[in-house]
Amino acid sequence: MSGLFDLGGRLAVVTGARRGIGRAMAEALAAAGADIIGVSARLRDDDEVAGTVRALGRTFEARAVDFADRAAVLALGAELAARAPDILVNNAGTIERAPAARHPLSAWDRVIEVDLSSQFALTQLVAAPMLERGSGRIIFTASLLSFQGGINVPGYTAAKSGIAGLTRALANEWAGRGVNVNAIAPGYIATDNTAALREDADRSRSILERIPAGRWGDSTDLAGATVFLSSAASGYVSGTILPVDGGWLGR
Ligand SMILES: NC(=O)c1ccc[n+]([C@@H]2O[C@H](COP(=O)([O-])OP(=O)(O)OC[C@H]3O[C@@H](n4cnc5c(N)ncnc54)[C@H](OP(=O)(O)O)[C@@H]3O)[C@@H](O)[C@H]2O)c1
């Protein structure tokens with residue numbers, strides 16, 4: 001049974017690995033046995049995540065790439081493809097908050113590029129050796145706003161709804177070729193991404209009141225789903241978006 005979740009000998013790329021959800025995902029994959037290549041805008045070889053992964057006996061390599069820079073993302077994709085990783089976790093993401101009526105187009109463009117277009121560009125390149133080999137796992141970080149409209153975040157909602165569609169589109173084409181594509185939709189998780197919500201007493205209270213589990217999520221709440229979708233345990237799971245949301249969507 002335990003072998004179902006064993007990732008020993010696997011190489012995983014995790015984007016957004018420097019902090020928050022991505023860091024927890026990288027550490028969970030390493031705890032299950034995978035070596036990690038972490039990517040984020042500012043990731044360094046001596047960041048805390050690197051120390052945690054290495055303390056688990058796995059290797060950690062850091063790549064610093066701005067996902068708003070298309071050329072840099074393509075260069076990263078080519079470099080990673082040459083390493084032929086087994087697992088790609090597309091988790092890096094940004095958010096811009098402003099009401100739709102005055103949401104700056106520059107904010108829209110940046111969020112769509114970082115949270116959607118760069119994700120496809122990177123995945124296309126990193127999936128190539130997976131498809132050639134006939135095995136691989138790809139996980140996107142979706143959102144509750146892959147299902148709902150959100151407030152003050154039209155670009156983010158459009159991007160994360162796009163990620164849901166992209167997950168299904170890639171899964172359709174690649175499941176028969178041994179590459180499973182799925183997404184995890186985190187609920188309200190206490191990270192820098194949601195700091196503005198937690199600082200707004202009214203929003204914070206109304207969000208908390210609606211979470212059946214009665215608490216905000218922690219990044220480590222995403223660990224199990226990440227290992228599951230990366231491992232043999234999910235061999236027949238494809239094109240799904242797995243909410244990890246304390247029951248929010250079921251309410
Ligand atoms: N927190 C939530 O409640 C929640 C809910 C649903 C979905 N999500 C999604 O979960 C993912 C992780 O978010 P988080 O909550 O962990 O937020 P976070 O703590 O703000 O971490 C975001 C990560 O993404 C990286 N990143 C952001 N912009 C980037 C860029 N332009 N280029 C490269 N890397 C970039 C950051 O890199 P640096 O550390 O180097 O700056 C960081 O590692 C995102 O896709 C987010 O949309 C979060």
Side-chain angles (χ1 to χ4, degrees), residues 13-28 36-50 62-77 80 89-97 106-107 109-119 121-123 139-148 150 153 155-164 166-167 183-199 203-204 207-208 210-211 213 215-223 225-226 241-246 248-249:
V13 173
V14 182
T15 72
R18 195 176 73 85
R19 56 197 164 112
I21 291 170
R23 177 179 173 185
M25 289 170 147
E27 291 172 357
I36 307 294
I37 301 176
V39 182
S40 87
R42 297 172 287 167
L43 188 64
R44 291 161 39 131
D45 194 54
D46 59 354
D47 273 316
E48 284 179 10
V49 60
R63 302 285 185 276
V65 173
D66 180 359
F67 279 27
D69 180 343
R70 179 74 62 87
V73 170
L74 294 176
L76 172 73
L80 293 177
V89 182
N90 288 306
N91 165 80
T94 191
I95 193 162
E96 298 274 359
R97 300 179 197 277
S106 57
D109 286 343
R110 181 175 165 77
V111 171
I112 294 293
E113 183 64 31
V114 171
D115 290 8
L116 183 60
S117 302
S118 72
Q119 315 277 320
L122 184 67
T123 300
I139 301 171
F140 289 95
T141 300
S143 168
L144 296 179
L145 303 191
S146 300
F147 304 95
Q148 302 179 318
V153 288
Y156 183 82
T157 301
K160 292 298 186 180
S161 297
I163 286 294
L166 180 60
T167 299
I184 296 170
Y188 285 89
I189 311 296
T191 67
D192 294 344
N193 173 294
T194 51
L197 297 179
R198 278 172 289 114
E199 283 158 14
R203 284 292 309 273
S204 180
I207 287 168
L208 185 58
R210 198 196 180 286
I211 303 173
R215 65 171 176 87
W216 279 65
D218 182 83
S219 292
T220 55
D221 286 316
L222 284 308
T226 306
I241 300 161
L242 174 57
V244 180
D245 65 352
W248 176 283
L249 285 176

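Whatever order the structure lists ligands and atoms in, that order sets their numbers, starting from 1.
- From the protein, the heavy atom lying nearest to atom 17 (O) of ligand 1 is Asn193 CB, 3.3 Å.
- Of all the heavy atoms of Met25, none lies under 4.0 Å from any atom of ligand 1, so neither backbone nor side chain is involved.
- Residue-ligand proximity, Pro186 to ligand 1, at heavy-atom distances under 4.0 Å covers atoms 5 (C), 6 (C), 7 (C).
- Proximity of Val114 to ligand 1, defined as any heavy-atom pair under 4.0 Å, is confined to the side chain (atoms from C-beta onward).
- Residues Val49 and Glu27 approach most closely at CA-OE2, 3.8 Å, considering heavy atoms.
- At least one donor-acceptor pair under 3.5 Å links the side chain of Thr194 to the backbone N or O of Ile189.
- For atom 42 (C) of ligand 1, the nearest non-hydrogen atom of the protein is Arg19 NE, 3.6 Å.
- Counting heavy atoms under 4.0 Å from ligand 1, residue Thr194 touches it through the side chain alone.
- In this structure, CG on Asn90 lies 5.5 Å from CG on Leu122, to the nearest 0.5 angstrom.
- Residue-to-ligand polar distances place Gly187 within reach of ligand 1: an N/O pair is separated by less than 3.5 Å.
- For Asp115, no heavy-atom contact with ligand 1 is shorter than 4.0 Å.
- Rounding to the nearest 0.5 angstrom, the gap separating the CD1 atom in Ile241 from the CG atom in Leu144 is 11.5 Å.
- Rounding to the nearest 0.5 Å gives a distance of 4.0 Å between CD1 of Ile184 and CE of Met25.
- Atom-to-atom distance recorded for Thr191:OG1 and Asn193:CG is 4.5 Å, nearest 0.5 angstrom.
- Annotation for ligand 1: atoms under 4.0 Å from non-hydrogen atoms of Arg110 are 31 (N).
- A distance-only check finds no donor-acceptor pair linking the side chain of Glu48 to the backbone of Arg19 [under 3.5 Å].
- Within the structure, the closest approach of Lys160 to ligand 1 falls below 4.0 Å when heavy atoms are considered.
- In this structure, Arg97 and Ile95 approach most closely via the heavy-atom pair NH2-CD1, 3.8 Å.
- Of the polar atoms of Tyr188, none of the N or O atoms is found under 3.5 Å from an N or O of ligand 1, judged by distance alone.
- Contacts of Ile21 with ligand 1, taken as heavy-atom pairs under 4.0 Å, involve both backbone and side chain.
- Closest heavy-atom approach to atom 45 (O) of ligand 1 within the set Asn90, Thr141, Asn91: this belongs to Asn91.
- The contact set between ligand 1 and Tyr156, taken as ligand atoms under 4.0 Å from a residue heavy atom, comprises 6 (C), 7 (C), 8 (N), 9 (C), 46 (C), 47 (O).
- Near Gly20, meaning under 4.0 Å from any of its heavy atoms, are these atoms of ligand 1: 16 (O), 19 (O).
- Distance CG/Asp221 to CD1/Ile21: 9.5 Å, rounded to 0.5 Å.
- Looking only at heavy atoms of the protein, atom 3 (O) of ligand 1 is closest to Ile189 N, 2.8 Å.
- When non-hydrogen atoms are compared, ligand 1 lies under 4.0 Å from the backbone of Ala142 (N, CA, C, O) but not from its side chain.
- Here the side chain of Ser146 pairs a donor or acceptor atom with the backbone of Lys160 at under 3.5 angstrom.
- Close contacts of ligand 1 with Asp66, meaning ligand atoms under 4.0 Å from a residue heavy atom, involve 30 (C), 31 (N), 32 (N).
- Given atom 1 (N) of ligand 1, the protein heavy atom at minimum distance is Thr191 OG1, 3.0 Å.
- If you take CG on Asn91 and OG1 on Thr226, they are separated by 8.0 Å, rounding to the nearest 0.5 Å.
- Distance alone, capped at 3.5 Å, places no donor-acceptor pair between the Ser204 side chain and the Glu199 backbone.
- Note: an N/O pair closer than 3.5 Å links Gly16 and ligand 1 by distance alone.
- Using modelled atom types, one side-chain atom of Ser118 and one backbone atom of Glu113 make a donor-acceptor pair closer than 3.5 Å.
- For ligand 1, one of its N or O atoms has an N or O atom of Phe67 under 3.5 Å away.
- Considering every non-hydrogen atom in both Trp248 and Ile207, the closest pair reads CZ3-O, 3.6 Å.
- Close approach to Val65 involves these atoms of ligand 1, each under 4.0 Å from a residue heavy atom: 32 (N), 33 (C).
- When the options Ala41, Ser40, Ser118, Gly93 are ranked by their closest heavy atom to atom 24 (O) of ligand 1, first place goes to Gly93.
- Against a heavy-atom cut-off of under 4.0 Å, Asp192 is close to the following atoms of ligand 1: 19 (O), 20 (O).
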